[in-house]
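Taking it in order: structure first as structure tokens, then the write-up.
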Amino acid sequence: MSLLPRIRRSAPVADIDEDDLRVGEPETSAAGLKAVSVALERGISQAGVTRTVRAMTSLNHRGGTDCPGCAWPESITGPRKPAEFCENGAKAVAEESTTRTVTPEWWAAHPIRELRDKTEYWLGNQGRITEPVVLRPGDEHYSPIGWREAFALMAEHVNATSPDRCVFYTSGRTANETAFMYQLLARSIGTNNLPDCSNMCHESSGSAMTPTIGIGKGTVSLEDFEHADVILVVGQNPGTNHPRMLSTLTDARRRGAHVVAVNPLPEAGLLNFADPQSPTGIAKSLVDGGGETVADDFLQIKVGGDLALFQALGHLLLRAEEAAPGTVVDREFVESSTEGFESYAAARADLDWEATERATGLRRDQIERLATRLVHSEGTIICWALGLTQQPHSVDTLREIVNVLLVQGNFGKPGAGACPVRGHSNVQGDRTMGIWEKPVPALLDGLDDEFGISSPREHGYDSTETLEAFERGDVDVFVSMGGNFAKACSDTDVLEKGMQRTGLTVHVSTKPNRSHVVHGQTSLILPTLGRTDRDDRHPGGAQFVSVEDSMSVIRSSTGRLEPVSEQLLSEPQIVAGMAEAILGHHHEVGWREMADDYDVIRDHIARVIPGFTDYNRRVRQKSGFVLPNPPRDTRSFATASGRAHFTVAPLEWLEAPAGHLILQTVRSHDQYNTTYYGLDDRYRGISGGRRVILVNPDDLVELGFQDRQLVDVVSVFTGSDGATTERRADEFRLVSYPTARGCCAAYFPEANNLVHRENVARESNTPGFKAVTVRFEPRPSAPRSSPSASEASTAAGRA
């Protein structure tokens with residue numbers, strides 16, 4: 001219990017002071033006993049011992065609460081670990097289960113002009129919002145408003161405008177039942193303006209996979225990792241973003257699989273993992289702070305060089321087939337189940353190795369060694385995350401991954417397939433439930449038949465298009481079901497100005513965030529239950545919801561904690577209240593029946609959404625159920641031709657002009673999307689501050705800058721019309737760090753303003769958060785005092 005005296009239960013009074021920045025050596029191992037102590041400290045500081053224990057003991061267990069963090073799955077058939085969560089999952093639960101509260105008195109004490117100067121760290125750590133509040137034109141403070149009045153105010157604004165000027169945004173936190181009701185509400189009003197967080201993360205994955213293999217989801221199960229020979233982890237930092245994946249990777253490696261990490265940064269979780277739930281992991285952590293090797297090989301690729309890498313791998317696989325016909329290409333599969341192979345083979349027949357090495361930053365022998373591993377693999381899984389999805393050529397890159405998998409028939413067999421790893425709990429389930437601005441006709445036909453409505457057929461706004469609509473003044477009502485849209489998007493200064501011109505903004509939230517203080521002319525904040533809260537104020541008693549993980553498993557989630565306020569409503573209750581006020585109680589959909597009994601929602605889903613037949617029975621099974629996945633289940637492909645498609649794309653990569661670098665935005669270890677748990681990016685050796693740019697020491701020298709120098713960051717973007725536009729982010733500290741040459745990294749959302757709204761991935765329209773051309777300008781004021789001797793020694797060691 002020696003930890004307890006260090007634990008502070010109250011909300012922080014002081015905000016981030018960037019002068020408190022501390023930089024040390026990056027760690028080379030993830031998790032371990034340190035992760036346990038941090039998780040314990042964060043939970044107790046936010047919620048106390050009893051509440052923390054109650055929340056954690058049911059987390060990710062059958063019949064318990066699904067973690068509101070990442071979407072990494074649990075085993076369907078095997079046993080669950082006693083602590084079936086990771087450090088960052090524990091932090092997510094601590095944030096939600098906190099006993100800190102934001103009351104009407106809090107709002108009265110903090111005018112908007114003051115809150116606009118606060119960071120996300122300060123705002124989010126104030127606590128849970130306890131009752132609905134409103135800010136009317138001319139007000140300086142949010143003030144309480146009753147639920148009925150709040151819904152009536154929203155209805156007044158929606159009914160005073162046209163449906164195409166209303167936007168309904170969705171966060172990946174939203175459960176299946178809420179998502180289904182929410183998209184039904186938007187379409188009942190008459191709009192497909194349903195942007196969501198998937199638009200900003202894995203939209204490129206769906207845009208690449210759906211046309212080529214007939215499904216926009218991963219094609220592997222957790223059990224496939226038990227049979228894979230080679231597992232590629234590309235553009236991904238599992239140690240921070242989905243730490244439970246590390247257990248899967250180390251287990252696979254123990255069984256003989258080769259794990260290869262491809263990433264611009266040498267992240268701790270790609271190198272070693274000390275499992276705090278295994279005796280070996282504990283022993284290693286105690287002895288030397290290390291752990292088990294995660295990746296057999298680490299390829300430090302340049303940001304945006306992955307298309308070139310996978311084109312080279314395809315070329316080498318085909319060359320190996322030429323040398324030993326019938327040993328590499330799965331001819332039977334290619335001929336029976338694919339099309340376009342001849343064009344692909346012709347395009348990959350030759351390779352410009354000089355361009356490939358320049359694009360990737362890798363040596364030819366490194367790429368050839370990886371290709372040799374693939375040649376001898378009977379089953380290959382390729383995993384990726386946002387490092388591959390947020391560049392102009394992202395969709396082409398991901399299609400190239402599909403090509404490499406198709407060559408060897410790595411679909412529909414054990415230990416093989418495509419694995420886009422979702423970083424938010426139910427972002428995949430939201431899309432399955434119909435949260436999409438470009439709905440397929442079959443979904444709309446099903447909704448119309450089930451509910452007697454006339455769903456609009458015109459496509460709506462995605463997230464980037466919503467930003468542009470704000471800028472044009474084309475949004476009158478903006479409703480956000482969770483999330484923090486103002487900070488999650490690119491071009492944040494432009495977005496915030498547009499949001500403040502909007503007639504009404506409505507945020508269904510648990511805690512204060514930036515979007516609440518760059519509000520519309522009228523603003524509503526509607527506080528909701530979280531995933532961990534007990535939801536039992538219904539005529540039929542307690543309710544549960546369901547979610548979908550990265551591998552298409554549907555399972556239930558039941559909150560266990562007493563809500564911090566009796567004023568909180570569940571998300572389905574809030575959607576029903578909105579619908580009844582806007583559409584009238586006479587509307588035939590039956591909103592109140594759905595809000596009272598979530599089984600009613602699931603019965604509707606079962607009749608509308610494919611794969612959900614007998615939903616209410618199946619979701620109550622011990623481990624839920626798995627949605628159909630044709631490439632995985634039957635080696636079939638739901639494309640127009642019924643075959644998987646090889647595709648051909650030209651070589652493309654990111655290259656900065658002289659004096660510039662390519663910047664990617666990343667999470668810190670104490671962060672979940674736009675939520676800050678704290679200020680400790682432990683694995684990278686950075687703490688106390690967030691306005692940092694990680695730069696290779698050789699690039700610092702070449703550009704004429706020094707470690708720890710204070711600079712302004714300027715991004716340069718050239719549009720399709722040839723015009724060049726600049727964006728500026730002031731007062732960042734350069735940090736010498738072993739990034740790939742020519743590349744640098746900064747935390748989002750601090751660097752989001754540098755991403756021009758037109759810097760997007762082709763086809764998916766995902767913001768180019770991993771494709772920003774930047775230069776540095778020294779601050780006119782003198783930099784902070786020189787590093788101490790120990791800091792100077794550390795900087796030299798990092799270099």
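Throughout, residue positions are numbered sequentially from 1 according to the sequence presented. Just so it is clear, the values below take in all heavy atoms, side chains as well, and ignore hydrogens, waters and symmetry mates. Source: prediction; values computed, not measured.
The side chain to side chain donor-acceptor pair (under 3.5 Å) search around Asn629 returns none, not counting sequence neighbours. In this structure, the side chain to side chain donor-acceptor pair (under 3.5 Å) partners of Trp106, at least two apart in sequence or on a different chain, are Gln126.
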Please assess Asn765 against Asn199 for the test side chain to side chain donor-acceptor pair (under 3.5 Å), listing each intermediate value before the final yes or no. CA-CA 7 Å; Asn765 215 28; Asn199 297 149; over 6 Å; no

Audit row: Ser455, Asp448, side chain to side chain donor-acceptor pair (under 3.5 Å) steps and yes/no: CA-CA 6 Å; Ser455 300; Asp448 292 354; 2.7 Å; yes

Between Thr766 and Ser764, is the side chain to side chain donor-acceptor pair (under 3.5 Å) condition met? List the steps. CA-CA 5 Å; Thr766 297; Ser764 70; 3.2 Å; yes

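Counting only N and O atoms by type, the side chains of Ser198 and Trp436 include no donor and acceptor under 3.5 Å apart. Ser550 and Gln428 are not linked by any side-chain donor-acceptor pair at a separation below 3.5 angstrom, with hydrogens and angles left out of the test.
Checking side-chain atoms of Glu131 against main-chain N and O of Glu566 turns up no donor-acceptor pair under 3.5 Å. Looking only at distances, no side-chain donor or acceptor of Asn426 sits under 3.5 Å from a matching main-chain atom of Gly172. A distance-only check finds a donor-acceptor pair linking the side chain of Asn193 to the backbone of Tyr461 [under 3.5 Å]. Of the possible polar contacts, none joining the Arg431 side chain to the Val427 backbone as a donor-acceptor pair under 3.5 Å is found.
Ring centroid separation for the pair Trp72 and Phe225 comes in under the 6.0 Å cut-off. Aromatic pair His669/Tyr677: ring centres not closer than 6.0 Å. Residues Phe478 and Phe168 place their aromatic rings such that the two centres sit no closer than 6.0 Å. With ring centers used as reference points, Phe544 lies 6.0 Å or more from Tyr598. Outside the 6.0 Å centre-distance limit, the rings of His516 and Tyr142 are not counted as a close aromatic pair.
Within the structure, the ring-ring contact (aromatic ring centres under 6.0 Å, His included) test picks out no pair touching residues 547-569 (sequence neighbours left out).
Distance CE/Met499 to CG/Leu467: 10.0 Å, rounded to 0.5 Å. For the atom pair Asp614 CG and Gln621 CD, the distance stands at 8.0 Å (nearest 0.5 Å). Here the CE atom belonging to Met578 is positioned 8.5 Å from the CG atom belonging to Leu524, to the nearest 0.5 angstrom. One finds the CE atom of Met481 at 12.5 Å from the OH atom of Tyr169 (value rounded to the nearest 0.5 Å). How far CD1 of Ile554 is from OG1 of Thr432: 6.5 Å, rounded to the nearest 0.5 Å. With rounding to the nearest 0.5 angstrom, the NZ atom of Lys511 is 12.5 Å from the CG atom of Asn484.
A side chain to side chain donor-acceptor pair (under 3.5 Å) with Asn192 is found for one member of Lys438, Glu437, Arg187 and no other, namely Arg187. If you run side chain to side chain donor-acceptor pair (under 3.5 Å) between Arg667 and each of Thr674, Thr240, Asn241, only Asn241 comes through.
Listed here is the closest heavy atom pair of Thr103 and Thr130: CA-OG1, 3.6 Å.
Salt bridge annotation for Asp445-Arg457: present, with a cationic side-chain nitrogen under 4.0 angstrom from a carboxylate oxygen. Comment: Arg173 does not engage Glu96 in a salt bridge, judged by the lack of any side-chain N to carboxylate O separation of less than 4.0 angstrom. A salt bridge is absent between Arg560 and Asp535: the closest approach of a Lys/Arg side-chain nitrogen to an acidic carboxylate oxygen does not fall below 4.0 angstrom. Looking at Asp597 and Arg592, no side-chain N of the basic residue comes within less than 4.0 Å of a carboxylate O on the acidic one, giving no salt bridge. Using a cut-off of 4.0 Å between Lys/Arg side-chain N and Asp/Glu carboxylate O, Glu548 and Lys217 are scored as salt-bridged. Contact check on Glu450 versus Arg607 returns a salt bridge, with a Lys/Arg side-chain nitrogen under 4.0 Å from an Asp/Glu carboxylate oxygen.
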